[in-house]
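Written below as structure tokens is the structure these notes are about.
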Amino acid sequence: MSNHTHSLAASTPSVSWLHLVRFSLVLTLAVIALGAYTRLADAGLGCPDWPGCYGHYTVPLSPSALQKAEFLYPHLDVEPHKAWPEMIHRYFAGTLGLVVFSITYLCLRYRPVPMTLPLVIAAIVVFQALLGMWTVTLKLLPLVVMGHLIGGFSLLSGLWLLYWRLQAATPRAPSFAPLNLRVLAMLSLGVVVGQIMLGGWTSSNYAALMCSRLPICEGNWPQYLDFRTAFTPVHLGHDSYEFGVLDYGARLTIHVAHRVGAMVTIAVLGLLAWRLRALGYLQPAKMVLGALSVQVLLGVGNVLLSLPLTIAVLHNLGAALLLIAVLKCNDLLWPQTFAVSQTRSVSHE
């Protein structure tokens, strides 16, 4: 076997590699869903410490464990129905961290792709662990809670990008799609990220039920708008941020901003899907339009049914899938610099 052939064999990911990355993707979606459930079920402070729960690594239930919990936290009552969702979320998140570190190690050893992306993914995992700790120690500070949500979506995006890189048996030539379409795809990605951030800010400030009518809100809502208070990053002087600390006007403003953001998202992504279809990119167009349609229906369901837990969790997952759909469009349309460099290196050997 020539050195060239041996080099390609060493750098090409095996089927087991792809299985491991696929598992990380499923696990990341599960962690996002569990995190959403924990937040929406008001169980974010189900355990007052981190990484354990009342001084244990499981929910204290035995008499001796409850005695220890009472000694460590005399002013708190153990609420298993809130503590279990929080701990299960932590178990899944910890498992995901180990899987991601394993993938990063394999990438470092075999170098199937440039190392920047695997190292960034590993860094996100570390920062997510810190955000998870700060979520508890800072008592659900909205900026931290939103950051934790964005970190989960960033991790999912990074793992999908890694999967697409590893999945390619040979380096893929850059796409030569029209520049205006590529710019529109990038703009769409920015709009989706912004809307996800608005959704996280809405949820972390307990503003999801401020409006019960479509398309914007009921009553004379413009007179209550208070953008300065609504989007101040940190409001100090509170022992806990559970159930929110903002007044009606600020929460209403956050909710209205999320509604308007949804309309902008529908318009921009609808235009993207139309342009993709017109230029022959049928599969990406269907993917974006399908994910967008599902997300809009889930959002409407949240409003009409007063935020049922199941639909609210699915709305979080829908946002993740919409992000991945738009990210995939950008991956298809924009040139991949490292893929070009790999192609050139192979052609010169």
Testing the basics here: between [X] and [Y], what is the closest heavy-atom pair and its distance to 0.1 Å?
| X | Y | value |
| --- | --- | --- |
| Val78 | Ala69 | CG2-CB, 4.0 Å |
| Pro118 | Val113 | CG-CG2, 4.0 Å |
| Val136 | Leu45 | O-CD2, 3.9 Å |
| Val99 | Ser24 | CG1-CB, 3.8 Å |
| Ala185 | Leu333 | CB-CD1, 3.8 Å |
| Ser188 | Val268 | OG-CG1, 3.4 Å |

Practice task
Apply side-chain contact (heavy atoms from CB on, under 4.5 Å) to Leu189 and Leu323, showing your working.
Solution key: CA-CA 7 Å; Leu189 182 61; Leu323 174 63; 3.7 Å; yes

Roughly how far, to the nearest 0.5 Å, is [atom2] of [Y] from [atom1] of [X]?
| X | Y | atom1 | atom2 | answer |
| --- | --- | --- | --- | --- |
| Ile88 | Thr38 | CD1 | OG1 | 8.5 Å |
| Gln195 | Ile266 | CD | CD1 | 9.0 Å |
| Leu314 | Tyr37 | CG | OH | 13.0 Å |
| Asn205 | Leu140 | CG | CG | 11.0 Å |
| Ile121 | Leu159 | CD1 | CG | 4.5 Å |
| Ile324 | Phe153 | CD1 | CZ | 9.0 Å |

Quick check on [X]: does its [atom1] atom have over 12 non-hydrogen neighbours (other residues, nucleotides or ligands) under 6.0 Å away?
| X | atom1 | value |
| --- | --- | --- |
| Tyr163 | OH | yes |
| Gln283 | CD | no |
| Phe23 | CZ | no |
| Asn180 | CG | yes |
| Phe92 | CZ | no |
| Phe231 | CZ | yes |
| Met133 | CE | yes |
| Tyr57 | OH | no |

Note, [X] side chain near [Y] side chain (heavy atom, < 4.5 Å):
| X | Y | answer |
| --- | --- | --- |
| Leu66 | Leu61 | no |
| Leu96 | Leu155 | yes |
| Thr58 | Cys53 | no |
| Leu332 | Tyr281 | no |
| Asp331 | Arg165 | yes |
| Asn330 | Val326 | yes |
| Leu327 | Cys329 | no |
| Arg182 | Leu179 | yes |

Within the side chain of [X], is there an N or O that forms a donor-acceptor pair under 3.5 Å with the backbone of [Y]?
| X | Y | answer |
| --- | --- | --- |
| Asp49 | Gly55 | yes |
| Trp201 | Ala230 | yes |
| His315 | Val313 | no |
| Lys139 | Glu242 | no |
| His255 | Ala207 | yes |

Handout entry: Donor + acceptor pair across side chains of Arg251, Tyr206 (<3.5 Å)
Key =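 No, because no side-chain N or O of Arg251 sits under 3.5 Å from a partner of the opposite role on Tyr206.
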
Practice task
May I ask you to check whether Asn316 and Arg39 show a side-chain donor-acceptor distance below 3.5 Å?
Solution key: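 Yes, a side-chain donor-acceptor pair sits under 3.5 Å.
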
Under 4.5 Å between side-chain heavy atoms, hopping through other hydrophobics if needed: is there a path connecting [X] to [Y]?
| X | Y | answer |
| --- | --- | --- |
| Leu108 | Val120 | no |
| Leu297 | Met287 | no |
| Val31 | Leu321 | no |
| Leu307 | Met146 | no |
| Leu106 | Val126 | yes |

Practice task
Would you check, one step at a time, whether the test side-chain contact (heavy atoms from CB on, under 4.5 Å) holds for Val234 with Leu236?
Solution key: CA-CA 6 Å; Val234 178; Leu236 301 176; 3.4 Å; yes

Using atom types as modelled, flag every donor-acceptor pair under 3.5 Å from a side chain in residues 209-228 to any protein atom, sequence neighbours excluded.
from, atom 1, to, atom 2, distance (Å)
Glu218, OE1, Ser212, N, 2.9
Glu218, OE1, Arg213, N, 3.3
Asp226, OD1, Thr229, N, 3.3
Asp226, OD1, Thr229, OG1, 3.3
Asp226, OD2, Thr229, OG1, 2.8

Problem - Pair Lys82 + Asp77, salt bridge at N-O below 4.0 Å - result: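 Looking at Asp77 together with Lys82, the answer is no, because their closest N to O distance does not fall below 4.0 Å.
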
Problem - NZ/NE/NH1/NH2 to OD/OE distance under 4.0 Å, Glu86 and Arg90 - result: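 Answer for the salt bridge query: yes.
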
Handout entry: Check against side-chain contact (heavy atoms from CB on, under 4.5 Å), Leu141 and Val145
Key = CA-CA 6 Å; Leu141 181 68; Val145 174; 5.9 Å; no

Practice task
Please confirm whether Lys328 makes a cation-pi placement over Trp164, using NZ or CZ under 6.0 Å from the six-membered ring centre and within 45° of the ring normal.
Solution key: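 Ring-cation test returns yes.
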
Practice task
Would you please test Val100 and Thr28 for side-chain contact (heavy atoms from CB on, under 4.5 Å) and show each step?
Solution key: CA-CA 10 Å; Val100 168; Thr28 305; 5.8 Å; no

